[in-house]
Structure formats: C-alpha cells, structure tokens
There are 2 protein chains.
Amino acid sequence: MFAARNIYKMKGREFKDAMYDGLAKLLKALANPARLEIIEMLSQGEKSVEGIVQTTNLNFANASQHLQVLKNNNIVKARKEKQYVFYSLVNNEFLSLYQHIARYAVSEIAELERIMNRQRDDNKSLNAVGLDELETMINNENVLLLDVRPSAEYEFGHITGAVSVPMPDLLCCLKDFSKDKEIVAYCRGPFCVLADEAVKVLSENGYKVRRLDEGYPEWKMKQLESN
Amino acid sequence: MFAARNIYKMKGREFKDAMYDGLAKLLKALANPARLEIIEMLSQGEKSVEGIVQTTNLNFANASQHLQVLKNNNIVKARKEKQYVFYSLVNNEFLSLYQHIARYAVSEIAELERIMNRQRDDNKSLNAVGLDELETMINNENVLLLDVRPSAEYEFGHITGAVSVPMPDLLCCLKDFSKDKEIVAYCRGPFCVLADEAVKVLSENGYKVRRLDEGYPEWKMKQLESN
DNA sequence: CAAGTATTCAATAGATATATTGAATACTTG
DNA sequence: CAAGTATTCAATATATCTATTGAATACTTG
C-alpha cells in the first residue's frame with residue numbers, strides 16, 4: 001500500500017517504489033475510457049453529475065463513482081451549490097498533460113490514426129483545419145466560425161469570434177449562412193463528432209465547410225501558452 | 001474488444017468508444033510501477049533483458065512479460081543481436097510525453113512532492129540544481145560535472161563535458177577532486193537515487209556538491225527542443 | 001551437434017478494477 | 001417538516017491484471 005511507505009527514512013529502493021507507485025496510481029486513474037470521456041467533457045467547463053450523465057453513456061451511480069476516482073487522484077475538483085455538485089478539472093497543467101497524451105496517441109498509434117481517418121472520411125471532414133491555419137483565416141476575415149457544442153459550453157468559453165449554433169439547431173432549421181465565406185465548424189476536440197456531423201450536413205447543402213482539427217480546449221491552451 | 005470495432009462504418013458513439021478505448025489501452029500499459037521503471041531505464045539507452053533485470057527488482061520472466069506489454073503498445077521496440085534482445089524506447093515523442101507525466105506528478109501531486117523532499121533531505125541534496133542553472137554554471141566554467149551512472153549508460157550519451165564516475169568507483173576510491181570548483185552530480189532522472197548518494201558521500205568528505213534536479217534524458221530532450 | 005545461455009511461453013492463483021443494482025444521504029422547496 | 005431531487009454509498013459478480021513457477025525455444029560457441 002502506498003500510504004504505508006510513510007516511514008521516517010527510506011532506503012533508495014523504497015523511495016523509487018513509492019515514486020513509481022504514485023505515478024502508476026495517477027496513470028491508473030486515467031487509464032479508463034469512461035473517465036477519459038469525463039475528462040474531455042469537463043475540459044469544456046464545469047458540469048454537474050447530471051451534466052456528465054447527459055453527455056455520456058453513463059448512469060448516475062457509475063458517473064459518480066468515476067468522478068470519485070478522479071477526485072481522489074487530484075484530477076478533478078468538486079464544488080457544491082444548492083443540491084448540485086459541480087465538477088471541473090483541477091488546473092490547466094493537467095489539461096495540458098491530457099492534451100499531450102491525446103495528441104501523442106492520435107499521431108503515434110497507427111490503429112487510432114486509422115480509426116480517426118475513417119471517421120473523418122465518412123463525414124466528409126477529412127480536410128480539417130489546424131489551429132494555425134484557423135488563425136490565418138480569422139486574420140483575413142474570410143471565415144465564418146461555428147461553435148456547434150451545446151450553448152452552455154459555448155458560454156463557459158469559446159473561440160473569439162465564433163457563433164454559437166448547437167447541433168440540434170443546425171439540424172432543425174438550417175440557417176441561411178453566407179455562401180461566400182468558408183465555414184469552419186468546431187466542437188469539443190478531436191474525439192468529438194459534432195463538428196463532423198455539422199460538416200456533413202452543411203456540405204450536403206452546398207456550403208463550403210471544413211472542421212477544426214481540434215476543439216475549444218486546445219485553442220484555449222494554445223492562447224495561454226502564447227503569453 | 002478493441003479490434004472488433006473494425007467495421008466499415010461507425011456511428012459517432014462507436015467512434016468515440018474506439019478512440020477512448022485505444023487511449024485507455026495506451027495508458028494502461030503505462031500504469032504499472034514496474035513498467036515505469038523499465039521505461040526510465042530504457043530512456044538511458046537500449047538494454048537487453050538482462051540489463052533490465054540487473055537494474056530493477058524484476059526476474060527474467062517478469063521483466064520479459066512487461067517488455068512484451070510495452071512492445072505491444074508501441075512504447076518500446078526490440079532489436080535482436082546474437083542471442084540478445086535489445087529493447088529501447090520507440091522515439092523521442094514518447095520520451096517527451098513520459099517526462100511531461102513525471103514532471104506533472106512530482107509538481108502537482110502533494111504526496112509525491114513530500115516523498116521526494118524527504119528523500120532529498122535525507123541525502124543532503126535538497127538544494128538541487130536545475131537544468132537552466134547548470135547551463136549557466138557550465139558557461140562560467142566553475143563546475144565539475146559528475147555522471148554517476150554505470151559507464152555503459154554514460155557511453156550511450158551524457159551531458160557534454162561530464163566526467164564518468166560510476167557510484168561503485170566513487171565509493172571505493174574517493175578521488176581527489178579539486179575543492180575549488182563546485183561539484184554537480186547527475187544520474188538517470190529525478191527518481192534515481194545515485195546522485196543523492198553521491199552528494200551524501202562527497203559532502204560528508206568536505207566537498208561542495210549538489211545534485212542535478214533531473215537526469216541525462218531530461219537534458220537530452222531539452223537540447224533537442226532548443227533546436 | 002552438444003552444451004550453454006538469453007529470452008519467451010504457458011498456466012495459475014491472487015489481487016484489483018468495473019458495471020450494476022438497490023438503498024441511503026443531503027439538500028431544497030413548498 | 002414532507003416531498004422531491006441530486007448525488008453518493010454498499011454489495012456483488014465479472015472481467016482484467018500481475019507475479020510466480022517451471023518448461024520451452026532460439027541462438028551461439030566449441
């Protein structure tokens with residue numbers, strides 16, 4: 001047991017064991033698909049347990065348990081307001097680490113690369129826009145930037161200049177966007193399919209549209225780092 | 001099962017599940033203390049299974065099994081020469097990710113921070129030198145830099161200007177180092193205790209000595225990034 | 001090709017992680 | 001304070017992970 005190593009003086013082997021045990025404990029907390037999805041959701045802004053349940057496949061008890069694991073490993077923090085408990089990521093250092101892991105996995109694990117390419121292909125969003133390219137397009141003022149996440153997430157933070165058009169709205173009542181400007185749709189991140197769906201619908205309706213490779217959290221961290 | 005999702009077209013939920021499963025699979029491969037120690041050893045340069053066994057607590061069968069797990073997850077690669085199998089990390093992108101994880105854990109997990117401080121305190125090496133500070137000291141030419149790892153690791157790569165004094169040598173026959181220059185000892189990284197032991201011995205013998213906060217792999221990555 | 005060495009395989013028991021279920025708690029509002 | 005709602009707890013069966021053991025394989029060298 002980890003805490004049992006808390007004795008006065010440690011020999012070298014005990015020190016190493018304690019450090020590697022602690023590191024492994026953190027990684028174990030991350031090494032679960034449901035918890036990874038929760039992390040991605042919380043990187044959009046704080047959410048109640050119900051908020052997590054609505055945007056994932058999890059039921060209440062299950063979501064709550066996974067959130068406890070994340071909390072016990074200092075990955076998320078909880079805030080109580082009225083009868084609700086709002087969870088959020090502890091800090092941006094963690095978000096930066098999570099994004100590094102995701103970026104590595106997508107670019108270095110062939111299996112994941114292949115799955116991602118097929119997803120993008122099926123949704124006509126293979127030709128995704130990178131964050132750097134987006135910046136250039138914004139500076140040239142020839143882009144209409146759509147945030148297709150739920151409006152609550154948009155309100156927690158969004159890319160400067162983006163317009164909020166949640167997917168249900170986009171599907172029910174296709175607005176008349178200008179066909180002059182190129183449209184770029186973005187959502188929660190590379191694993192989020194909302195932007196893929198938006199690209200599919202819009203391109204089938206004759207718009208010139210691409211998705212952003214990444215999502216709002218990646219844009220946010222990039223802004224922070226360039227300061 | 002991960003591979004079973006390999007069907008022609010995926011709905012959004014299936015895509016997300018496949019991506020998070022794949023990400024979790026990678027993290028599970030990392031989430032084990034023995035494998036983390038192996039990774040740290042391999043970040044010093046390639047090693048045979050026997051090399052791993054000698055520098056860890058593992059027996060052959062166990063080390064071999066963990067190495068298979070790492071290989072199946074594209075974390076290490078194997079090269080066969082004569083009767084030996086030499087393992088090494090796949091690439092520097094992975095090493096960079098590993099170091100990010102370790103750095104995060106040490107600075108953001110209170111428990112690990114505490115254990116590390118006690119270790120450094122016990123070995124009189126609390127006042128460690130950072131990589132930036134070391135660079136300044138080297139430029140001012142007022143430092144004797146000791147690499148206290150086994151000489152094989154020194155030969156795979158070492159900090160420019162460092163002298164190889166493996167721990168056994170240092171312990172058996174304390175050389176007459178100049179007492180004018182400050183000594184800085186370094187080893188495999190922040191979880192390695194060799195430099196701590198070196199600091200302890202040397203400072204008890206009247207030398208002005210500190211350890212490097214990090215190790216050779218961290219120095220190497222920093223060099224790569226500044227290009 | 002026989003002997004020796006390095007590594008891997010296969011089987012297994014014990015430990016740990018996970019989803020599910022139903023109940024308990026805590027808080028708010030009328 | 002009663003009723004309703006959000007969240008957590010506790011128990012459990014199943015699945016997965018891990019260390020250990022003894023044997024098998026693969027390669028080299030004499």
Side-chain angles (χ1 to χ4, degrees), chain A residues 1-4 13 17 20-39 41-42 46-73 75-88, chain B residues 1-4 13 17 20-39 41-42 46-73 75-88:
Chain A
M1 179 50 205
F2 188 42
R13 184 70 245 170
D17 283 347
Y20 288 122
D21 282 359
L23 208 44
K25 186 163 170 281
L26 170 69
L27 287 163
K28 274 201 177 85
L30 291 179
N32 175 283
R35 288 197 289 273
L36 289 169
E37 191 176 3
I38 291 177
I39 287 167
M41 289 306 159
L42 294 184
E46 70 172 12
K47 277 189 156 58
S48 66
V49 180
E50 188 176 18
I52 295 292
V53 169
Q54 284 167 354
T55 48
T56 63
N57 255 352
L58 304 167
N59 60 36
F60 271 88
N62 205 181
S64 178
Q65 267 176 216
H66 282 304
L67 284 163
Q68 302 309 312
V69 173
L70 292 172
K71 200 173 84 172
N72 292 336
N73 284 278
I75 294 168
V76 309
K77 56 178 191 274
R79 170 177 84 79
K80 195 155 196 178
E81 184 183 316
K82 300 194 175 175
Q83 69 266 63
Y84 304 96
V85 179
F86 291 99
Y87 286 91
S88 55
Chain B
M1 179 49 205
F2 189 41
R13 185 70 245 171
D17 283 346
Y20 288 122
D21 281 358
L23 207 44
K25 187 164 169 282
L26 169 69
L27 287 163
K28 274 201 176 85
L30 291 179
N32 174 284
R35 289 197 288 273
L36 290 168
E37 191 176 3
I38 290 176
I39 288 168
M41 288 305 161
L42 294 183
E46 70 171 14
K47 278 190 155 59
S48 65
V49 180
E50 187 175 18
I52 294 294
V53 169
Q54 284 167 354
T55 46
T56 62
N57 255 353
L58 305 167
N59 60 36
F60 272 88
N62 205 182
S64 178
Q65 266 176 220
H66 283 303
L67 283 163
Q68 301 309 312
V69 174
L70 292 172
K71 200 173 85 171
N72 293 336
N73 284 279
I75 294 168
V76 308
K77 57 179 190 275
R79 170 178 84 79
K80 194 153 195 179
E81 185 184 315
K82 299 195 176 174
Q83 68 266 64
Y84 303 96
V85 179
F86 290 99
Y87 286 91
S88 55

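All values below come from the heavy atoms of this structure, side chains included, with hydrogens, waters and symmetry mates left out. Letters A, B, ... are given to chains in the order of the sequence lines, protein chains preceding strands, and every chain is numbered from 1.
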Worksheet, complete the sentence: Heavy-atom nearest pair, Ala29(A) first then Leu70(A), reads O-CD2, 4.0 Å
Discussion item. Taking any heavy-atom pair under 4.0 Å as a contact, classify Gln65(B): base, sugar-phosphate, or nothing.
Written reply: base
Worksheet, complete the sentence: 5'-most contact on DNA chain D (nearest-nucleotide basis), Val85(A) vs Lys28(A), goes to Val85(A)
Fill in: Glu37(B) with Lys47(B): basic N within carboxylate O range, under 4.0 Å
no
Worksheet item: Of Tyr87(B) and Ala34(A), whose nearest nucleotide on DNA chain C comes first from the 5' end?
Response: Tyr87(B)
Worksheet, complete the sentence: Taking every heavy atom of Leu27(A) against every heavy atom of Leu30(B), the minimum-distance pair comes out as CD1-O, 3.7 Å
Worksheet item: Across the strands shown, which category fits Phe86(B) at heavy-atom distances under 4.0 angstrom: base, sugar-phosphate, nothing?
Response: nothing
Response to the item:
Scanning both residues in full, the closest heavy-atom pair of Leu58(A) with Ala34(A) reads CD2-CB, 3.9 Å
Discussion item. Please classify the nucleic acid contact of Phe60(A) as base, sugar-phosphate, or nothing, using heavy-atom distances under 4.0 Å.
Written reply: base
Worksheet item: What is the bend of the helix from dC1(C)-dG30(D) to dG30(C)-dC1(D) when you compare the axis at one end with the axis at the other, using five pairs each and rounding to 10°?
Response: 30°
Discussion item. Reading DNA chain C in the 5' to 3' direction, which nucleotide is the first one with an atom under 4.0 Å from a heavy atom of chain A, and which is the last?
Written reply: dA17(C) to dT29(C)
Worksheet item: Hey, does Ala61(B) reach any base, or is it just sugar-phosphate, or nothing, if we go heavy atoms under 4.0 Å?
Response: base
Worksheet entry | Salt-bridge present (Lys25(B), Asp21(B); N to O < 4.0 Å) | no
Worksheet entry | Between P of dC17(D) and CG of Leu30(B), the distance in whole Å | 14 Å
Worksheet, complete the sentence: Residues Tyr87(A) and Ala78(A): closest non-hydrogen pair is CE2-CB, 3.6 Å
